[in-house]
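Okay, structure first, notes after.
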Amino acid sequence: MNETVPLSVEERLFRIEARNEISDLVARYAHGADRKNHPAMMQPLFHEEAIWSAEGFATFHGAPAIAAGLAEIAATQVLWSIHYMIAPYIELATDARSARCRWYLWELSTMAEGGGQEDRWLGGWYDSIARYEDNVWKFASVKLDLRVQGVATPPWSLRKAFDQ
């Protein structure tokens, strides 16, 4: 017979808080992404040895390289964006000190294209590992898997920068 021992109230509360904090981590990632991957906003979201990757863009190793690399992508490829991070699915590890988190991406963007700009929509999902260390959740890895993208027409009639 496989009986499980009920969790303590403290452990159950920790698990509830963990899910909320990981969801907030995803939201903060979107917030920084829509501010041209601002390095001061993005770097604290990752562990020092973290990995970020997206086919067609790049793979970065380490929080400083991730922050610098994402800022470079925003400066040269993704000129404007609005990220909709949808339905984060969080699977806590048995000890609840790490978790796999997957969520869908729906993004409107203006991409650099052939010396000009092109409005696009993108869709896909993120697959990440988050770890709890020093009383904070951060990403150990983030992988973006784009599944669809296309030219958006007509162009956006209103496109405010998020730093305004």
Side-chain angles (χ1 to χ4, degrees), residues 16-48 50-92 98-132 136-164:
I16 292 168
E17 290 177 341
R19 290 180 185 280
N20 287 335
E21 290 171 17
I22 294 168
S23 290
D24 287 350
L25 183 64
V26 171
R28 291 189 350 252
Y29 180 93
H31 191 79
D34 290 337
R35 281 143 186 88
K36 298 185 174 284
N37 290 331
H38 195 288
M41 298 172 80
M42 299 303 273
Q43 186 169 335
L45 307 179
F46 292 90
H47 284 285
E48 285 301 311
I51 299 171
W52 183 96
S53 66
E55 185 178 335
F57 286 98
T59 298
F60 304 115
H61 298 266
I66 292 168
L70 291 176
E72 179 68 19
I73 287 172
T76 61
Q77 296 178 57
V78 184
L79 307 176
W80 175 87
S81 66
I82 184 167
H83 288 72
Y84 295 92
M85 308 305 210
I86 303 164
Y89 178 64
I90 300 164
E91 299 172 280
L92 291 171
S98 66
R100 182 176 185 188
C101 179
R102 291 171 281 178
W103 67 92
Y104 290 97
L105 166 70
W106 183 247
E107 179 180 338
L108 305 176
S109 64
T110 300
M111 308 290 278
E113 183 67 36
Q117 299 181 0
E118 188 172 74
D119 293 330
R120 291 183 169 231
W121 49 266
L122 303 98
W125 56 77
Y126 283 92
D127 193 351
S128 71
I129 301 294
R131 273 198 337 257
Y132 186 75
V136 66
W137 285 93
K138 293 184 178 182
F139 292 118
S141 68
V142 173
K143 180 180 180 183
L144 171 59
D145 187 353
L146 288 177
R147 293 297 174 135
V148 63
Q149 66 173 312
V151 175
T153 56
W156 318 135
S157 60
L158 177 63
R159 185 179 52 206
K160 292 182 178 178
F162 286 92
D163 56 353
Q164 297 176 346

For Glu72 and Thr76 the tightest heavy-atom approach is O-OG1, 2.8 Å

#### Entry: Donor-acceptor contact below 3.5 Å, side chain Ser128 vs main chain Cys101
yes

Separation between CZ (Phe139) and CD1 (Ile22), nearest 0.5 Å, reads 9.0 Å

Scanning both residues in full, the closest heavy-atom pair of Ala33 with Asn37 reads CA-OD1, 3.1 Å

Taken to the nearest 0.5 Å, the spacing of Ser109 OG from Asp119 CG works out to 7.5 Å

Contact between Arg102 and Glu91 at the side-chain level, heavy atoms closer than 4.5 Å - yes or no? yes

In short, Trp121 meets Ala152 closest at the heavy-atom pair CD1-CB, 3.8 Å

When every non-hydrogen atom of Ser23 is compared with those of Ile90, the smallest separation belongs to OG-CD1, 3.6 Å

When rounded to the nearest 0.5 Å, the distance separating CE of Met41 from CG of Asp34 is 9.0 Å

To the nearest 0.5 Å, atom CD of Glu21 lies from atom CZ of Arg28 at 9.0 Å

Rounding to 0.5 Å, atoms CD (Gln43) and NE2 (His38) come to a distance of 12.0 Å

Closest non-hydrogen atoms of Phe60 and Gly69, given as atom of the first, atom of the second and distance, are CZ-CA, 3.4 Å

The ring-ring contact (aromatic ring centres under 6.0 Å, His included) partner of Tyr126 among Trp52, Tyr89, Trp103 is Trp103

- prompt: Any side-chain heavy atom of Asp127 within less than 4.5 Å of one from Arg100?
  reply: yes

request  = Kindly indicate whether the side chain of His47, heavy atoms from C-beta on, has any atom under 4.5 Å from the side chain of Ser141.
outcome  = no

Here the gap from Met111 atom CE to Gln77 atom CD, rounded to the nearest 0.5 Å, amounts to 6.5 Å

Sequence neighbours excluded, the answer for salt bridge (Lys or Arg N to Asp or Glu O under 4.0 Å) partners of Arg19 is none

Hits for side-chain hydrogen bond (donor to acceptor under 3.5 Å, both in side chains) against Glu107, two or more places apart or cross-chain, chain-then-number order -> His83

ask   = Got Phe46 and Val142 here, is their nearest side-chain heavy-atom distance under 4.5 Å?
value = yes

Heavy atoms of Ala87 and Tyr104 approach each other most closely as CB-CD1, 4.5 Å

- Query: Heavy atoms, side chains only, cut-off 4.5 Å: are Leu146 and Leu105 in contact?
  - Reply: yes

**Request:** Just do the side chain to side chain contact (heavy atoms under 4.5 Å, CB included) check on Ile66 and Leu45 with the steps written out, would you?
**Result:** CA-CA 10 Å; Ile66 292 168; Leu45 307 179; over 6 Å; no

